[in-house]
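Data first, discussion second: the structure below is written as structure tokens.
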Amino acid sequence: MSRDVILDRLAIERGLPTILRPDNGPEFCSRAMLTWAYGRGVTLRLIEPGKPNQNAYVESFNGRFRDECLNEPWFTSVPHAQTIIEAWRREYNDERPKKALGWLTPAAYARQLTGSKVAKVTAGF
């Protein structure tokens with residue numbers, strides 16, 4: 001599945017942000033990403049090189065994902081990796097309440113935020 005399809009699916013499910021704050025990886029600096037964001041009115045504000053604290057939430061998540069999921073098993077195949085990662089994603093989003101989200105799970109918090117917004121962003125995708 002291409003990045004555009006995934007991002008558009010997320011936009012339908014959760015709405016589009018005004019601003020995205022990605023790191024300086026090539027996947028976020030590419031012409032395709034810049035075109036996708038511009039075409040949807042999303043501003044990209046890349047963090048400064050060597051300043052991961054500018055995107056502390058993502059850095060924290062990446063560390064947790066690496067420690068709890070990627071460093072644990074030996075993946076025997078791509079489907080095996082997809083199964084393990086999907087199980088971890090579901091557990092993280094649907095079963096773990098977060099203090100910063102008022103003790104809601106990320107999925108419950110997203111549902112609370114989007115409410116009626118979802119219908120507004122489906123046009124044009």
Side-chain angles (χ1 to χ4, degrees):
M1 194 177 301
S2 75
R3 173 188 38 233
D4 291 358
V5 172
I6 292 168
L7 292 173
D8 286 340
R9 188 185 80 212
L10 286 171
I12 290 167
E13 291 175 9
R14 303 209 175 164
L16 284 169
T18 306
I19 298 169
L20 282 176
R21 184 99 168 146
D23 65 19
N24 285 294
E27 65 277 10
F28 295 115
C29 298
S30 69
R31 183 175 303 212
M33 183 66 181
L34 296 172
T35 301
W36 178 89
Y38 179 80
R40 286 151 184 84
V42 175
T43 301
L44 294 179
R45 291 204 180 142
L46 303 175
I47 66 170
E48 296 174 57
K51 302 273 185 167
N53 60 325
Q54 291 179 344
N55 203 356
Y57 291 114
V58 169
E59 294 300 320
S60 174
F61 171 82
N62 287 347
R64 187 169 291 114
F65 178 56
R66 186 174 37 258
D67 292 344
E68 296 175 5
C69 185
L70 298 180
N71 289 346
E72 291 293 316
W74 284 85
F75 301 120
T76 57
S77 65
V78 171
H80 179 237
Q82 290 171 326
T83 300
I84 298 289
I85 292 167
E86 178 61 14
W88 185 88
R89 184 193 68 78
R90 286 186 181 190
E91 189 261 336
Y92 183 88
N93 285 322
D94 298 330
E95 298 174 20
R96 288 192 197 179
K98 310 287 187 275
K99 181 179 179 182
L101 303 178
W103 296 108
L104 294 171
T105 64
Y109 185 76
R111 283 190 301 273
Q112 178 182 307
L113 282 181
T114 56
S116 63
K117 292 182 192 176
V118 174
K120 295 178 186 175
V121 298
T122 56
F125 290 109

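Just so you know, residue 1 is the first one in the sequence shown, and it goes up from there.
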Subject >> Separation of Arg64 CZ from Trp88 CH2 (nearest 0.5 Å) >> reply: 7.5 Å
**OP:** State whether the side chain of Thr83 and the backbone N or O of Pro79 hold a donor-acceptor pair below 3.5 Å, judged by distance alone.
**Re:** yes
Subject >> side chain to side chain contact (heavy atoms under 4.5 Å, CB included) evaluation trace for Leu20 with Met33 >> reply: CA-CA 11 Å; Leu20 282 176; Met33 183 66 181; 4.1 Å; yes
Original post:
Does the side chain of Leu44 reach to within under 4.5 Å of the side chain of Leu34, using non-hydrogen atoms?
Top reply: yes
Under 3.5 Å, which donor-acceptor pairs do the side chains of residues 93-104 form with other protein atoms, sequence neighbours left out?
from  : atom 1 : to    : atom 2 : distance (Å)
Asn93 : ND2    : Arg89 : O      : 3.3
Arg96 : NE     : Glu91 : OE1    : 3.2
Arg96 : NE     : Glu91 : OE2    : 3.1
Arg96 : NH1    : Glu68 : OE1    : 3.0
Arg96 : NH2    : Glu68 : OE1    : 2.4
Arg96 : NH2    : Glu91 : OE1    : 3.1
Lys98 : NZ     : Tyr92 : O      : 3.3
Lys98 : NZ     : Arg96 : O      : 3.0

Original post:
Once you round to the nearest 0.5 Å, how far does OG1 of Thr105 lie from CD of Gln112?
Top reply: 10.0 Å
Subject >> Exceeds 12 heavy-atom contacts within 6.0 angstrom, atom CZ of Phe75 >> reply: yes
Subject >> side chain to side chain contact (heavy atoms under 4.5 Å, CB included) partners for Asn53, two or more places apart >> reply: Lys51
Subject >> Nearest heavy-atom neighbours spanning Val42 and Pro17 >> reply: CG2-O, 3.4 Å
**OP:** Could you tell me whether Phe65 atom CZ has more than 12 heavy atoms of other residues or ligands within 6.0 Å of it?
**Re:** yes
Original post:
Which residues pass the side-chain hydrogen bond (donor to acceptor under 3.5 Å, both in side chains) test with Arg90, sequence neighbours left out?
Top reply: Glu86
Subject >> Which residues share a side chain to side chain contact (heavy atoms under 4.5 Å, CB included) with Leu46, sequence neighbours left out >> reply: Pro22, Asn24, Phe28, Cys29
Subject >> Any residue meeting side chain to side chain contact (heavy atoms under 4.5 Å, CB included) with Arg45, in chain and number order, not counting sequence neighbours >> reply: Ile19, Arg21, Thr43
Original post:
For Thr76, which residues count as a side chain to side chain contact (heavy atoms under 4.5 Å, CB included) partner, sequence neighbours excluded?
Top reply: His80
Original post:
Atom CG of Leu10 and atom CG of Leu16: how far apart are they, to the nearest 0.5 Å?
Top reply: 10.0 Å
